[in-house]
Structures are given as C-alpha cells and as structure tokens.
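Data block below; observations after.
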Amino acid sequence: MSATAATIEQSTMRKVSWRIVPYCFGLYVISYLDRANIGYAALQMNKELALSSEAFGFAAGIFFIGYFLFEVPSNIALNKYGARIWISRILISWGIVATASAFVQSPMQLYVLRFLLGVAEAGFFPGIIIYLTYWFRAKEQATTVALFTAAIPVSYLIGAPLSTWIMDHVAGFGLSGWRWMLLLEGGPAVIAGVVNYFVMTDRPEQAKWLTQQERDWLTEELRKDHAGRRNVQHLGIVAAITNPKVLFLSMIYFIYQVGNLGIGMWMPQIIKGLSSSLTNFEVGLVAMLPYAFATVVMVLWSRNSDRTGERQKHSAIPLLWGAIALALTGLVVQPAVAMTLISLSLAGIYAFKSPFWSLPGLFLTRSTAAVSIAAINSIGNLGGFAGPYAIGAIKDWTGSTYGGLLFLSGLLFVSFLMTWFARMENADEAQTQAAEQHA
C-alpha cells in the first residue's frame, strides 16, 4: 500500500469510526435502558401492581413477542426507506410507548404496553448491525460491533444507579418512584428520534463530512471487500429466513438469549437477595460492577477475533465459561464471591455477541444477511420471553433463584456445543475449490 493510500485509509476510517460508532452506541444505550429498566422498576412495581414472580417474568418477556412478530418486516422497511428515516421512526414510537408505561394501573395494562414496546423497537438492533456493514469492511466488523453492542452492558452501568436513584429520590404528582423512572428514561428516545432524522447519513457516498477522495476510497474499498468474499449466497426473503444455517444460528441465539436476558432482567432481584439490607440505590451501584467488567472483556475479546480473523471459536468459548460461572453462582453464600462469578458469567455472555454476528457474513451476501440477521435476532429474541418467565416460574415453584440460574447455565452450555460444532461454510465450497483447481 502506498503512503498516499495509507494516509487516505487512516483519515477516512478515523472519521467514520468517530462519526458512526459513538452515535449508534448512544442510540443503543437509550434503547436498552427503556427495555431493561423494568428489572429495577420491579423492586417497587411488583408490590404496587401485585405481581407474582411468574407474572413479572411474563411482563418482562412479552416484549420479545412483539419484537419477534415485527422484526423482519421492520428490517425490510429499513432497506426500503433507509436507516435515517426508519431508525427515527423506531426511536420516536418506542419513546412514546416507554413513557406511557409509567401510567399503567394493572398487570394487563403493563403486559399490553410491554408488547407494544417490542413492536415499536423491532428492527433497531439488526438494522444498526447492517448499517455498520455499509461503513466498515469485514476485517473491522467484530470490533465495530463490539463497540456498538458494548452499549448493552454500559446501559446497565448507567441505568443501574440512575434508575434506582430516581426511584428512591424522585416523587410527586401522585406518581411513585418507579413510575417517574419509566417516564424520565422514556423521553430521550423521542428527542433522539427527531435528532436522528437530521444527523444520520445512510451511505458513504452521501457523507458530506468526508472529502470526495475519502468517499470514493471508502465506496471502492467496501465494493472490493464484498466482491472478495467467496462462497457466499444471495437468497430471496423466504429462502434467507428458511436457510438451514440461518435457522441453526437462530436456535443458537434463542438458547443463548434465554440465559442472557433471563439473568439481565432478574439481576436486581438476585443482588437484593444476597443482602436484604441493601437499598434500591445500593443495588444499582453493586449491579454496575459485573457490567463494567463485561464491557472490557467484550471489547478485548472481539479485537482478538478481528486480529486472528477467527469467528466461530470466539463465539463458542465465552458461552462455556459463562455457563460454568453461572452454575457456580448459586452454590456460594459469600456475596463477594457470588458477584465475582456473576461478573465472569456476564463477561462470557457479552463476549459471545460480536463474533457471533460475523457468522452470517461467512456464507451470505450483505443484502441477504440483512434479512437473515433480522430473522436470527427475531427468532432468538423469543428466548427473551422464555428466560425471564422460566426463572419466575422456577422461583415460585422452588422458593429460590438457584434453580433458575442452573437452568440458564445448562442452556448456555447447550448453545456452546451447538456453536462449537456448527459448520458455517457452504456445502459446495469444496466442489467449487476443486473445480477451480481442475480448471
């Protein structure tokens, strides 16, 4: 590579990275805060609305039913209307539903609004994943996705103390703390939706914040990067969704999400169970620690995946250590040891994400991967319904959260086995290579 080309590459990717990644990161923090803050609301809400553990698990999980039903249509609409318009629509609609959740008066109203929140947010995550492929080459994607999805643990880092502080210190107009928390944390999504319409750039060729030379270089690099991937398939919508490898990845992600979202939604109550003397705010502060650790591990692990170019084992191994740590959590009584194990389990759970989302690109074209990633995320996120609900039902049945943790650990181990032994290359790869050699 010439010095001039290297200079253009460095300046272009620096601009793109600083413009695209932090912005998408911020949007996802807002998104996940509205999705996950029900876990903190439960510290007050369950008593006020007379929710049993099983009923809370249902309320936490029904979000993913709406998400499942509308995710693929939402991603198709994103491809049609562009990320700028469609992401703005998603942000504004979920912000409205999130704030409305502050005024529910019965479990049924809570169920309905949680379902509608899933409908409103459907398509956001896979849409951003595909959006990132419009700006970054394959060799940069695991780290880029890691920096974006680091918003998940960071949203807990921010949300844990913020949500619990609001609950303990904000009141008035007849609204209790958890209602104020939902109201105040839902508003930023509406604001971000309006801002996004004027800020987001759909494609590199439209980026006025790049020079013409930088736009041309990036467009050509992305074209060559896409053309250089061999043994990829272009499929129609139905074929992309029903592709055996896509369905297999969907099952891996479903089982993974049962464990991931199960522990995420129940984390505040798990921590509260370690010490009944903790205030809500102290629970939030303690909850920050495992997510801070998970964020660092997630980014470092994904960088190693990009450095080596290996995706599959980098997806599988974190699931194994997450499963082992989660199984051991319920066996210890010392809060410090329990939190260490929870931190290790969350680190494994989050380190899995970025390498995993690189797997569809190993056998599908980018346009096909857009629909397939939506399908994988949509089917997989049904685990977000099953996980919280299963833990609630097991807790009501056994009187303890350990059975639920053991259940989640077993599922993570199953997803490890499936990921480790999966075959991601195309079935005709060997024949293609043999034909080329013969020719």
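All figures in this text were calculated on a predicted structure; none of them were measured in a lab. Basis for what follows: all heavy atoms, side chains included, without hydrogens, waters or symmetry-related copies.
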Taking every non-hydrogen atom, the tightest pair across [X] and [Y]:
| X | Y | answer |
| --- | --- | --- |
| Ser315 | Phe356 | OG-N, 3.1 Å |
| Val297 | Ala351 | CG1-CB, 4.5 Å |
| Ala294 | Tyr350 | CB-CD1, 3.8 Å |
| Ala192 | Ile30 | CB-CD1, 4.0 Å |
| Ile85 | Tyr81 | CD1-O, 3.8 Å |
| Trp178 | Leu49 | CH2-CD1, 4.2 Å |

Are the side chains of [X] and [Y] in touch, meaning some heavy atoms are under 4.5 Å apart?
| X | Y | value |
| --- | --- | --- |
| Lys80 | Trp86 | no |
| Phe413 | Ile324 | no |
| Pro204 | Leu222 | yes |
| Val21 | Phe136 | yes |
| Lys245 | Leu249 | no |
| Leu408 | Leu412 | no |
| Leu51 | Leu110 | yes |
| Tyr131 | Leu78 | no |

Trp420 and side chain to side chain contact (heavy atoms under 4.5 Å, CB included): which single residue from Ile317, Leu320, Leu319 fits?
Ile317
Run the side chain to side chain contact (heavy atoms under 4.5 Å, CB included) check on Val299 and Arg303 step by step: do they pass?
CA-CA 6 Å; Val299 173; Arg303 283 182 175 175; 3.9 Å; yes
Donor-acceptor pair, distance only, cut-off 3.5 Å: does the side chain of [X] make one with the backbone of [Y]?
| X | Y | answer |
| --- | --- | --- |
| Arg89 | Ala120 | yes |
| Thr133 | Ile130 | yes |
| Arg114 | Ala59 | yes |
| Gln44 | Glu48 | no |
| Ser74 | Ala122 | yes |
| Trp321 | Ala347 | no |
| Trp301 | Phe352 | no |
| Ser88 | Gly193 | yes |
| Thr419 | Ala316 | no |
| Ser409 | Ala323 | yes |

Euclidean distance, [Y] [atom2] relative to [X] [atom1], rounded to 0.5 Å:
| X | Y | atom1 | atom2 | result |
| --- | --- | --- | --- | --- |
| Phe148 | Leu27 | CZ | CG | 8.0 Å |
| Leu328 | Thr340 | CG | OG1 | 12.0 Å |
| Leu218 | Met13 | CG | CE | 6.0 Å |
| Phe254 | Phe64 | CZ | CZ | 11.5 Å |
| Thr99 | Leu113 | OG1 | CG | 9.5 Å |
| Met339 | Leu289 | CE | CG | 6.0 Å |

For a side chain to side chain contact (heavy atoms under 4.5 Å, CB included) check, start with the C-alpha distance between Leu175 and Phe103, then their side-chain angles and the critical distance, and finish with the verdict.
CA-CA 8 Å; Leu175 300 178; Phe103 302 100; 4.1 Å; yes
Centroid-to-centroid, Tyr253 to Tyr256, below 6.0 Å?
yes
If you apply the rule side chain to side chain contact (heavy atoms under 4.5 Å, CB included), what do you find for His314 with Thr308, and how did you get there?
CA-CA 10 Å; His314 276 78; Thr308 61; 3.5 Å; yes
Given side chain to side chain contact (heavy atoms under 4.5 Å, CB included), test Asp306 with Arg311 step by step and report yes or no.
CA-CA 8 Å; Asp306 274 345; Arg311 306 303 189 191; 2.8 Å; yes
Return yes when atom CH2 of Trp209 has more than 12 non-hydrogen atoms of other residues, nucleotides or ligands closer than 6.0 Å, and no otherwise.
yes
Take a 6.0 Å sphere around CZ of Arg84 and say whether it holds more than 12 heavy atoms from other residues, nucleotides or ligands.
yes
